[in-house]
Structures are given as C-alpha cells and as structure tokens.
*Asks:* 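To start, I am sharing the structure in question, which I have written as structure tokens.
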Amino acid sequence: MKLWRAISPLSISIRIIICCISISVVFGQAENTKIPSQKELDSVFKYYELSNSNSLSLPKRSTFASSFLNAAFLYKQDSLIYKGLMQKTWLLGKTKQYDSAIIYSHKLYDLAIQNGDTFYIKSALLKLGIYHKKNDEFAEAFQYYNEIFKISRELKDTLRAGRSLLNMANMQTMLGDYSGSKTTAIDGLKYVESTADLISLSGLYHIISVANRKQNNYKEAFKYNSLALALGKDSISINSIGINNVLKFENTKALILADTTNYNQALFILSELEENPTVRNNKKEYARVIANLGYVQWLQNKDNEISEKLFLETKKIRISIGDVDGLFASNIYLTNYHLKKNKAKALEYANAAYQNALELKSLTSIIEALGYIFQLKEDTNEEAKVFNETYLKLNEINQSNREIYAVTKYENENLTNENLKLEADNAKLAIEKAKEERENIIYLLGTLILILSGGFVFYLLQQKHKRERIRDVFNAETRISKKLHDELANDVYHVMTQIQNERNDQEVLDKLENIYSRTRDFSRENSSFKLGKSYTQELSGMLSSYGSDHTKIIIKDIDDINWGAITPEKKIIIHRIIQELMVNMKKHSNASLVAVTFKKTHKTIEISYADNGVGVAKNEMIYSSGLQNAENRIKTIGGSFIFDSEEGKGFKARIHFPN
C-alpha cells in the first residue's frame with residue numbers, strides 16, 4: 001500500500017571560516033603526528049577549495065594546492081595527502097610544468113606503493129606516462145603505460161588494460177613504429193572488444209588502419225577504418241566516440257581511397273566534410289579537410305592550380321590558431337607540390353617544415369623534413385648530422401619500446417598458457433568429481449521427484465481451494481444481494497407506498513426512502529454478473545452506470561485486454577475492486593471526471609483509476625474499510641493495489657495482477 005511520505009524542508013547551515021593560520025611546514029619536517037581539530041581541518045580544506053576555484057589564475061591555484069598539501073603532510077593524513085598530490089600534479093600539468101608534475105607524481109606513486117593502494121598506484125603511473133610523453137620522453141612514458149597495463153591485467157581491469165595498450169600503440173605510431181603499433185593495438189582489442197568503451201575500441205581500430213596504410217596494406221587499412229566508422233551508428237555512440245574522432249576517421253577513409261586511386265570517392269567524402277557545420281565551426285578540423293582536399297586533387301592532377309591555393313589557405317588558418325602540427329603537414333604538402341616545378345620554393349617549404357618539426361620535437365617529422373631537404377639542397381652536412389642523430393635516437397626508442405612490450409607480451413602469453421593449463425586441470429578434476437557425484441544425483445533425483453510431485457499436488461489443491469473460496473464469496477454476495485432486492489427492499493418500498501397513501505409524516509417517508517436507496521445500492525454492489533464472453537460489456541456497463549450529468553466516466557483501452565484468457569476468479573476480484581472504487585467515488589468524491597485505463601504488459605495487466613474529486617484525508621484513507629477490502633481481495637490473486645490521494649487533489653489508484 002502506498003501512503004504519503006511527509007518530507008519537511010531541511011535547513012542547511014553554511015559555515016564560512018576565514019583562514020588566518022599560515023602553514024609553513026615543508027615536506028619531511030613534521031616528526032610528530034598532530035591530530036587536527038575540526039576547525040583546523042575546515043581551514044585546511046579552504047585551501048583546497050581555493051585551488052579548485054576557476055576564478056583564480058592557475059599559478060595562484062597551484063600555491064593554494066601546495067598550502068593544502070603542506071598541511072596534509074603536517075597532520076600525516078594519507079587521504080588528504082592523496083587529494084593534495086592529485087590536485088597539485090593536475091595543476092602543474094595544466095601550466096606545462098612537466099618536470100615538477102613528474103616529481104609530485106613520483107611522491108604519489110611512493111605513497112601508494114607504501115600503502116598498497118592499487119587505485120593510486122595506477123593513477124600515479126598514468127600521470128607519469130602522460131607527463132613524460134608531454135615532456136617528449138617517449139621511452140619513459142611507454143614504460144609507465146606498460147606498467148599500468150601489467151597491473152590492470154593482473155587485477156583483471158580489462159578497460160584500463162585496453163586503454164593502456166591504446167596509449168602505447170599511439171606512441172608507437174607517433175614514433176613511426178607502425179609494425180609495433182599494429183601489434184600492440186591488436187592485443188588491445190582483446191581487452192575492449194566486449195566492453196562498451198567505444199572511444200578506446202574505435203581508437204585501436206584507427207591505429208591499426210593507419211599502420212596498415214603506412215605499410216601500403218590498403219585492404220586491411222580500409223577494413224579497420226570501416227570497423228571504426230561502424231561503431232558510430234547513432235548520435236549516442238557518436239557522442240561516446242567523440243565527433244572530432246569520427247571526422248578524423250572519415251578523413252582517413254578519404255586518404256585510403258586516394259591511395260588506391262579512387263579519387264572521385266575520396267573527393268566526395270572530403271567535399272561533404274567541408275560542408276559539415278561541425279567542421280566549419282572547428283578551424284583545426286576545417287583546415288585538415290581543406291588540406292586533404294587539395295592533396296587528393298593534386299594526386300589526381302598534378303598540374304592543377306587549385307591545390308596550391310587550398311594549401312596556402314590552410315597554412316594561413318593554421319598560423320592564426322597556432323597549429324604547429326598542422327603547419328608541418330601544410331608545408332610538406334607545399335613541398336611536394338613544388339618539388340618538380342620550382343625547387344627553390346620546394347626547399348623554402350621543406351625548411352619551414354623542418355622548423356615546425358624542431359618546434360614539435362617530433363623525431364619522425366624531423367626525419368621526414370630532412371629527407372626533402374637532402375633532395376633539394378646541395379650542401380647538407382649540417383642536416384645530415386642532425387638526421388643521423390635523430391634517426392639513431394628514434395631507432396633506440398623504438399627498439400627499447402619493442403623490448404619492453406616483448407617481455408610483457410611474453411608474460412601475457414605465459415599467463416594465458418598457465419590459465420589454459422589450470423583450466424584443463426580443473427576440467428579433469430571436475431570430470432572425476434562429476435563421476436562421483438553422478439551416483440548421488442541419481443539417488444537424490446528420485447527423492448526430489450517425489451517431493452516436487454507432492455509439492456505440485458499441494459499447490460494445485462491450494463489453488464483449487466483459493467478459487468472455490470472466491471466463488472463462494474461471489475455466490476454469497478449474490479444471494480445476499482438477491483434476498484435484499486427481492487425481500488427487504490420490496491418490503492420497504494411497500495411500506496413507503498402505504499405510508500405515502502395514508503399521507504403520514506414526510507420525515508418518516510424521507511428516512512424510509514433513504515433506507516430503500518441504501519438497500520438498493522448494496523444489492524447492486526453485490527449483484528451477480530456474467531463471466532463469459534460478455535464480461536467486457538458487463539464491466540464497461542457497470543462503470544458507465546456511475547456516470548451522470550454531473551459526473552463523466554472515461555473508459556480507455558478496455559477492449560485491448562484479452563479477458564477470455566483471464567480466469568473467472570480474477571474477473572470476479574477485478575470487477576469487485578473497480579466497483580468499490582466507483583462506489584467510493586459516488587459517495588465521497590464529488591468528482592466531475594473519472595478516468596479508468598486498462599493496459600496490458602508482457603506479464604501483467606495494469607488498471608489505472610483517477611478522478612478530480614475532493615480527495616481523501618490521509619487518516620481517512622488509512623482506515624477506509626472499502627480500500628482495505630480492495631487490497632485484501634487483490635492479494636488473493638497475487639496482485640497489488642496502490643493508491644494515492646490528498647485533500648482537494650483527487651484520488652488515484654493502480655491495480656496490478658498477473659495475466
């Protein structure tokens with residue numbers, strides 16, 4: 001039964017404590033643990049709140065984070081130290097102080113190792129991977145991501161394991177190790193293919209596609225690009241993947257088509273992207289599309305002049321937004337465009353690309369730019385030296401990464417083999433155990449069948465008894481109704497007529513008429529009705545009979561219910577409950593509108609009642625015998641009766657029962 005739950009408004013007091021205590025303790029100076037008071041803790045947390053305030057500058061926020069962290073170390077509260085280190089490293093990363101961010105991330109890692117806290121161990125390793133990568137320390141970054149992968153694999157955290165391999169594969173792609181990135185990404189698929197992590201799954205597909213394209217394996221490149229795009233099948237999945245990532249996949253598809261001389265298809269995709277409102281509102285993406293459009297047109301016809309205009313337009317946009325990575329691509333496109341037409345211009349753009357690569361600190365970009373300079377410049381001694389140093393450094397990093405992951409991959413395969421062996425041993429033991437248990441099962445099965453049979457018979461008898469009780473109640477109500485109608489009501493009516501003819505007291509007549517009306521209503525409430533094919537008409541007629549000039553009855557979807565499939569006992573109960581609601585409405589509600597709605601679900605039938613009457617007070621509803629009768633009736637057929645009301649706001653009820 002549903003009753004009201006009164007919720008009084010909660011008074012919320014906000015304490016604003018102005019901090020006047022200056023904490024000057026440096027890491028490692030506090031020897032004795034000091035238990036902070038609540039006031040001191042409030043003061044400390046004020047520093048944390050200020051470090052989170054977007055209205056302050058990042059350096060100021062970082063200063064407040066340091067104050068909070070100093071206090072956390074003073075009180076030796078690990079939970080506060082974790083909080084402070086997480087905030088401090090994040091702020092240092094935002095201000096591009098990566099060396100300092102790495103130092104604080106190591107402090108976070110050391111504390112997490114000391115406490116055996118795997119959550120913060122993984123958080124610290126992730127931060128170390130991110131900040132070393134941003135600091136162009138790729139070997140170190142790769143190693144930390146690899147450590148996250150190993151821990152996540154041991155903890156069976158498949159999502160984090162897959163994301164770690166995605167980061168590692170991304171790094172290998174940046175370093176030009178396409179074979180390595182493809183291997184790592186394919187391993188990553190095993191961890192995320194059966195999850196809902198669409199952004200990681202699509203990212204792994206994209207890396208494999210790009211690696212295959214760079215290795216001229218266009219069939220596989222197109223296959224994995226299609227898999228990445230197929231994940232964005234609707235607006236929800238596109239939002240999950242990220243619209244910019246989807247646009248990147250479309251760009252890659254166009255380039256793969258251009259690589260296989262399907263220029264018209266590639267141009268069609270890029271032209272559509274050029275008109276896309278999302279692309280037009282994103283200068284970086286728009287420049288990427290325009291540049292690729294010019295590149296494909298140049299591949300199709302190297303004498304066209306439109307490509308150069310598009311390359312120059314793209315370069316102008318990228319200069320305006322400071323997109324150095326994009327500028328490198330624009331300068332490489334312009335170098336290729338002029339390579340066989342105007343060597344002086346080609347060298348100018350190759351040198352510009354080289355400067356972009358140095359600014360990016362991208363080893364692969366430096367090597368690519370120098371490759372063009374070697375073709376165009378006669379004296380390249382200085383460039384050759386840089387090329388050699390860069391090539392060796394890149395090769396060293398890639399070799400280190402391969403060795404790091406090779407060991408992890410070997411451990412992973414060994415772990416898989418051990419798991420398979422363990423599964424085989426367990427299967428063998430299970431077979432032997434099953435053989436031993438089979439005989440016991442045979443003995444138990446006979447007993448179980450007897451118990452189930454007895455239980456089933458008992459259930460059938462119980463249900464039969466329940467149906468008979470419902471029938472008996474129905475028949476008893478019908479007999480009482482008939483007796484009241486045929487005998488008592490008629491006798492009362494006869495007396496009323498006699499008194500009226502003899503012109504007796506009008507007050508006595510009114511009282512007798514009231515008795516007659518109540519007797520007639522009681523008789524009608526408990527009268528018999530048909531349970532067969534005409535049950536729908538019976539139920540509908542009963543509902544309509546309570547309508548009047550003052551009260552409109554709306555009956556909705558009653559014909560949607562297959563009443564023929566419902567047992568007679570359930571029909572009796574439903575009829576009586578709805579009739580009880582209508583009687584209550586007639587007597588107490590003073591409603592002008594009543595709506596009764598029927599609805600069939602997979603397993604239940606729901607009947608909703610609502611009127612716009614005066615409603616029922618809480619205490620009256622709790623102790624209403626009519627509503628309690630209705631609730632008791634519905635329980636006999638495994639249903640529920642939920643009602644709700646408030647004075648002046650009408651009355652609502654919902655009846656559920658299994659169909």
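Not measured: the values here are computed from a predicted model.
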*Asks:* Side chains of Y349 and N351: donor-acceptor distance under 3.5 Å anywhere?
*Replies:* no
*Asks:* Run the side-chain hydrogen bond (donor to acceptor under 3.5 Å, both in side chains) test against S330 and tell me which residues pass, sequence neighbours left out.
*Replies:*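 Per chain and number, S330 pairs via side-chain hydrogen bond (donor to acceptor under 3.5 Å, both in side chains) with R318.
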*Asks:* Which word best sums up how the rings of Y333 and Y295 line up, parallel for under 30°, tilted for 30 to 60°, or perpendicular for over 60°?
*Replies:*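 Y333 vs Y295 ring planes: parallel.
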*Asks:* Is the shortest side-chain heavy-atom distance between S66 and K88 below 4.5 Å?
*Replies:* yes
*Asks:* One thing to verify: whether R288 and E285 come together as a salt bridge, which I'm taking to mean a side-chain N less than 4.0 angstrom from a carboxylate O.
*Replies:*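 So E285 pairs with R288 through a salt bridge.
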*Asks:* Go through it in stages, so that I can follow the logic: the residues are Y191 and F149, the test is side chain to side chain contact (heavy atoms under 4.5 Å, CB included), and I'd like the CA-CA distance, side-chain angles, deciding distance and then a yes or no.
*Replies:* CA-CA 11 Å; Y191 293 93; F149 166 68; 3.6 Å; yes
*Asks:* Measure centre to centre between the rings of F68 and F45, then say whether the value is under 6.0 Å.
*Replies:*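 F68 vs F45: aromatic centres under 6.0 Å.
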*Asks:* Parallel, tilted or perpendicular: which fits the ring planes of Y120 and Y82, with parallel below 30° and perpendicular above 60°?
*Replies:*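 Answer is parallel, since the angle falls under 30°.
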*Asks:* Less than 4.0 angstrom from a charged side-chain N to a carboxylate O is my criterion; do E313 and K316 meet it?
*Replies:* no
*Asks:* For the atom pair CD (E368) and CG (L370), what is the distance rounded to the nearest 0.5 Å?
*Replies:* 10.5 Å
*Asks:* So, using side-chain hydrogen bond (donor to acceptor under 3.5 Å, both in side chains) as the criterion, who are the partners of K127 when residues are at least two apart?
*Replies:*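 Checked K127 against side-chain hydrogen bond (donor to acceptor under 3.5 Å, both in side chains); matches are T89.
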*Asks:* Under the criterion side chain to side chain contact (heavy atoms under 4.5 Å, CB included), which of I102, L126, L128 is the partner of Y144?
*Replies:* L128
*Asks:* Do S271 and L293 have side chains that approach each other closer than 4.5 Å (heavy atoms only, starting at C-beta)?
*Replies:* yes
*Asks:* Using side-chain heavy atoms (C-beta onward) and a distance below 4.5 Å, is F73 in contact with L69?
*Replies:*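 Side chain of F73 against side chain of L69, heavy atoms only: contact under 4.5 Å found.
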*Asks:* Kindly indicate, with the supporting measurements, whether the criterion salt bridge (Lys or Arg N to Asp or Glu O under 4.0 Å) is fulfilled by K150 and E147.
*Replies:* CA-CA 5 Å; K150 290 199 292 185; E147 288 300 317; 3.4 Å; yes
*Asks:* Mind jotting down which residue pairs meet the salt bridge (charged side-chain N to carboxylate O under 4.0 Å, His left out) criterion with at least one end in residues 55-65? Sequence neighbours excluded, please.
*Replies:*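 For residues 55-65: none.
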*Asks:* Stepwise, does the side chain to side chain contact (heavy atoms under 4.5 Å, CB included) test hold for K315 with L327?
*Replies:* CA-CA 6 Å; K315 186 172 180 179; L327 274 173; 3.6 Å; yes
